[in-house]
Amino acid sequence: MIRVKFIILAIVMGICPNCTSQNQEDNQDDLYYKDWIGEWYLKNKGEPDKLPSFVVTQGLYRGSFEEIWMGSGGSFSKAWRAWDKRTQKWDFAWMSVDGLFQIWNGKKVNGIWYMYNTFILDNGKKVLSRQAFTPMSPTRMVRTSEHSSDNGKTWNLRFREIYIKRE
């Protein structure tokens, strides 16, 4: 009986993304990451790295994705990026193998979707952080990370990275 339930669950999970994705309404924002699935390689000195920095697979519905991030030194993290049709925004949740868990709230600024989170630094100072994963083409994306110490009035660039996707 338990085996039958697991088989049914596996079949439903395999079919579910296709069924629910057919029921979603199309608009510019929920298609922002339409080419997200694949292996993404950080571009270093004009060439993509030999190993991917992160790999994206389809989530439970068309506007949702699961990401596996491979860090330096063999560490990795897992993330979920999803369009919430109720709030009409992209949100992001991330956890690492060393016990960190973060929920980033999406906000569209000048046509770019940013993920925002507030952090308390070791010195007790509060900093607002935002990241954008900006699709430039189906196989190219720019990731930027910025910090603000004045609650988002001004932003300081932490880094800007270019990623290339390989299927």
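By convention here, the first residue in the shown sequence is residue 1. For clarity, every value in this text was computed on a predicted model and none was experimentally measured.
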Which ILVMFWY residues are connected to [X], directly or by a chain of links, through side-chain heavy atoms under 4.5 Å apart?
{"X": "Ile103", "value": "Trp80, Met95, Phe101"}
{"X": "Tyr41", "value": "none"}
{"X": "Ile120", "value": "none"}

Please check: side-chain N/O of Gln28 versus main-chain N/O of Leu31, any donor-acceptor pairing under 3.5 Å?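 Flag not set: sc Gln28 to bb Leu31 has no pair under 3.5 Å.
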Answer yes or no: is there an ion pair linking Lys43 with Asp49, defined by an N-O contact shorter than 4.0 Å?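 Looking at Lys43 and Asp49, the cut-off is not met.
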Less than 4.0 angstrom from a charged side-chain N to a carboxylate O is my criterion; do Lys85 and Asp30 meet it?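 Looking at Lys85 and Asp30, the cut-off is not met.
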Ring pair (Phe, Tyr, Trp, His ring centres under 6.0 Å) with Trp94: which residues, sequence neighbours excluded?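 Testing Trp94 for ring pair (Phe, Tyr, Trp, His ring centres under 6.0 Å), a comparison that skips the adjacent residues, returns none.
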What pairs with Tyr116 under ring pair (Phe, Tyr, Trp, His ring centres under 6.0 Å), at least two apart in sequence or on another chain?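 By the ring pair (Phe, Tyr, Trp, His ring centres under 6.0 Å) rule, Tyr116 matches Trp155.
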Contacts of type side chain to side chain donor-acceptor pair (under 3.5 Å), residue Ser145, not counting sequence neighbours: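 Partners of Ser145 by the side chain to side chain donor-acceptor pair (under 3.5 Å) criterion, ordered by chain and then number, come out as Arg158.
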Going by side chain to side chain donor-acceptor pair (under 3.5 Å), name the residues that satisfy it together with Asp84, two or more places apart in sequence or in a different chain.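 If we apply the side chain to side chain donor-acceptor pair (under 3.5 Å) test to Asp84, skipping adjacent residues, the hits are Arg86.
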Whether over 12 other heavy atoms sit under 6.0 Å from Asn123 CG: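 Yes, because the 6.0 Å sphere around CG of Asn123 holds more than 12 heavy atoms from other groups.
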[atom2] on [Y] to [atom1] on [X], rounded to 0.5 Å:
{"X": "Lys126", "Y": "Thr118", "atom1": "NZ", "atom2": "OG1", "answer": "5.5 Å"}
{"X": "Ile164", "Y": "Thr139", "atom1": "CD1", "atom2": "OG1", "answer": "6.5 Å"}
{"X": "Thr57", "Y": "Glu39", "atom1": "OG1", "atom2": "CD", "answer": "11.5 Å"}
{"X": "Tyr33", "Y": "Met141", "atom1": "OH", "atom2": "CE", "answer": "8.5 Å"}
{"X": "Ser96", "Y": "Phe76", "atom1": "OG", "atom2": "CZ", "answer": "10.0 Å"}

Is there a side chain to side chain contact (heavy atoms under 4.5 Å, CB included) between Asp35 and Lys165 once you walk through the steps? CA-CA 9 Å; Asp35 298 310; Lys165 181 173 81 166; 4.0 Å; yes
[Y] side chain reached by [X] side chain, heavy atoms, under 4.5 Å:
{"X": "Tyr163", "Y": "Phe54", "answer": "yes"}
{"X": "Arg166", "Y": "Pro48", "answer": "yes"}
{"X": "Trp83", "Y": "Ser64", "answer": "no"}
{"X": "Tyr114", "Y": "Gln131", "answer": "no"}
{"X": "Ile37", "Y": "Phe65", "answer": "yes"}
{"X": "Met70", "Y": "Pro52", "answer": "yes"}
{"X": "Asp29", "Y": "Lys108", "answer": "yes"}

Hphob cluster co-occupancy, Leu157 + Leu42, side-chain heavy atoms under 4.5 angstrom: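 Leu157 and Leu42: separate clusters.
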Would you kindly confirm whether Val55 and Leu51 end up in one hydrophobic cluster when ILVMFWY residues are joined by side chain heavy atoms under 4.5 Å apart?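 No, Val55 does not connect to Leu51 through the hydrophobic network.
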According to side chain to side chain contact (heavy atoms under 4.5 Å, CB included), who are the partners of Ser149, at least two apart in sequence or on a separate chain?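 By the side chain to side chain contact (heavy atoms under 4.5 Å, CB included) rule, Ser149 matches Lys125.
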Among all residues two or more places apart in sequence or in another chain, which pass the side chain to side chain contact (heavy atoms under 4.5 Å, CB included) test with Val142?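 Listed in chain order: Met136, Thr144, Arg160, Ile162.
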Within residues 98-107 or reaching into it, pairs that qualify as salt bridge (charged side-chain N to carboxylate O under 4.0 Å, His left out) - sequence neighbours excluded: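 As it turns out, there is no salt bridge (charged side-chain N to carboxylate O under 4.0 Å, His left out) pair with a partner in residues 98-107 once direct neighbours are skipped.
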Hey, could you give me each pair passing salt bridge (charged side-chain N to carboxylate O under 4.0 Å, His left out) that has a residue in residues 128-150? Not counting sequence neighbours.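 For residues 128-150: Arg130-Glu146, Arg143-Glu161.
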When you measure from the centre of the six-membered ring of Phe133, is the NZ or CZ of Arg81 under 6.0 Å away and within 45° of the axis?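 Yes - Arg81 lies over the ring of Phe133, closer than 6.0 Å to its centre and within 45° of its axis.
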Between Trp40 and Glu67, is a side-chain hydrogen bond (donor to acceptor under 3.5 Å, both in side chains) present by the stated rule, with each step listed? CA-CA 10 Å; Trp40 291 90; Glu67 304 172 7; over 6 Å; no
Please identify each residue that fulfils salt bridge (Lys or Arg N to Asp or Glu O under 4.0 Å) with Lys78, with sequence neighbours left out.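 Expected list: Glu66.
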Taking the inter-plane angle between the rings of Trp104 and Phe92 on a 0 to 90° scale, is it parallel (under 30°), tilted (30 to 60°) or perpendicular (over 60°)?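 Rings of Trp104 and Phe92: perpendicular, over 60°.
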Exercise: identify the closest heavy-atom pair between Ile112 and Ala132: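 Looking at all heavy atoms of both residues, the shortest contact is CG2-CB, 3.8 Å.
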Search all heavy atoms of Asp91 against all heavy atoms of Gly106 and return the closest pair with its distance.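 In terms of heavy atoms, the two residues are closest at OD1-N, 2.8 Å.
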